[in-house]
Amino acid sequence: NAAICSNSEEELQLMILVFYKTSKEFGLELAIEKTEVMMQKAHPKEERPNPKIMVNGNTLKVVNKFKYLGSQLQDNASNSAEIDWRIKQSAAAFSKLHQRIWKKRHIALKTKIRTYKTMIVPCMIYSSESWNCTKKEIQKLEGLQYRQLGSIFGKTWKDRISHVQLLQSIKFGPNFNFNWAVSDEDKTKDPNLSSVETMIRLSRLRYCGHVLRMNDHRLPKQIMYSEADLGERSRGHPKKNFRGCIKEDLKSFRIWEECSRTNIATMASDRSSWKAKINSGASLHQLNWENQRTENSEKKKNRKNLAELG
């Protein structure tokens, strides 16, 4: 797979032709049926015709979304299609193991959870380090995790067991019998399962530290510090961007105040220290997440009881 980016239709046409001719010289054929063109406008209502890119007399198809390296990319930079695709992939992988693992009573719960973390969770949050997802999208993933854990436990909605209770039931703790074989970097890994929100925030901060440690000429670092110089923002609340998500993650992990006093690039320069800091923040955020969910559940029960009495 290859992705070619350009700033104009003429530039893209030239790059495609050079790529097509160079590939042909090496005996490679360009799959024209699978080659697609996607244009990102400055704003959704911009009146601009679709680009017409020709290759060997054939016009390439123009789409508003396509799959690249397992991720769904959209022309409006939204994650809605990618979230729906992650849910489908995770649900499909989970259903394939229902008869083989989840339903087997002789398999220990700890083994099932390890299998779940190894084979299902990566399908659910693949490429989440670059997501700028909304609360509604996170809730959809949280609901999927809740249903899957309930299926592993053999619970249904009739049992009235909460998401927090399911996560607290699988806190096994670290295995100290093999400390001699665990490196210093791996000691920061949490052996328990956390909420989807915590995992997404942790993966974003982990990737942010990786980008900040890059050299200044690297494209990911230039994009992170860049600003859009074309287009006008519509009236209302601005759309959430990646840097805004990083700011929310730092506040949720209680690292924002320290970043305000010192430069975040300086903090992330030491990989081991940054990894330990964000893992510690993830544990704190998970605890606050569980307390908040429990408190909201108690308030809901109290309102329901008062309504029945009244």
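For clarity, every value in this text was computed on a predicted model and none was experimentally measured.
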For the residue pair [X] and [Y], confirm or rule out a side-chain donor-acceptor distance under 3.5 Å.
X	Y	value
Glu9	Gln13	no
Ser128	Ser203	yes
Ser195	Gln145	no

Exercise for review: Show the numbers, then the answer: is there a side chain to side chain donor-acceptor pair (under 3.5 Å) between Gln292 and Asn296?
Suggested key: CA-CA 6 Å; Gln292 185 66 34; Asn296 293 339; 3.2 Å; yes

Is it the case that over 12 heavy atoms from other parts of the model lie below 6.0 angstrom from the [atom1] atom of [X]?
X	atom1	result
Lys155	NZ	no
Arg218	CZ	no
Lys61	NZ	no

Exercise for review: May I ask you to list the residues sharing a hydrophobic cluster with Leu205, side-chain cutoff 4.5 Å, ordered by chain and number?
Suggested key: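 Leu202, Tyr207, Val211, Leu212, Met214, Met224, Tyr225, Phe242, Ile246, Leu250, Phe253, Ile255, Trp256, Ile264, Met267, Trp274, Ile278, listed by chain and number.
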
**Study point:** Rounded distance (nearest 0.5 Å) linking atom NZ of Lys277 with atom SG of Cys259
**Key:**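 So the gap between those two atoms works out to 8.0 Å.
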
Point to revise | For Gln74, side chain to side chain contact (heavy atoms under 4.5 Å, CB included) partners two or more places apart | key: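 For Gln74 the side chain to side chain contact (heavy atoms under 4.5 Å, CB included) partners, ignoring immediate neighbours, are Lys65, Asn76, Ser78, Ser80, Ala81.
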
**Study point:** Note, Met124 side chain near Leu141 side chain (heavy atom, < 4.5 Å)
**Key:**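 They are in contact (side-chain heavy atoms under 4.5 Å apart), so the answer is yes.
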
Practice item. Only pairs at least two apart or in different chains count here, so list each side chain to side chain donor-acceptor pair (under 3.5 Å) that has a residue in residues 14-29. Key: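 Residue pairs passing side chain to side chain donor-acceptor pair (under 3.5 Å), neighbours aside: Tyr20-Asn56.
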
**Study point:** side chain to side chain donor-acceptor pair (under 3.5 Å) partners of residues 87-102, not counting sequence neighbours, each pair once
**Key:**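 Those involving residues 87-102 are Ser90-Gln148.
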
**Study point:** Sequence-distant partners of Phe66, ring pair (Phe, Tyr, Trp, His ring centres under 6.0 Å), two or more places apart
**Key:**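 Partners of Phe66 under the ring pair (Phe, Tyr, Trp, His ring centres under 6.0 Å) test: none.
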
Practice item. Mind checking salt bridge (charged side-chain N to carboxylate O under 4.0 Å, His left out) for Asp216 and listing every partner two or more places apart, or none if nothing turns up? Key: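 For Asp216 the salt bridge (charged side-chain N to carboxylate O under 4.0 Å, His left out) partners, ignoring immediate neighbours, are Lys221.
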
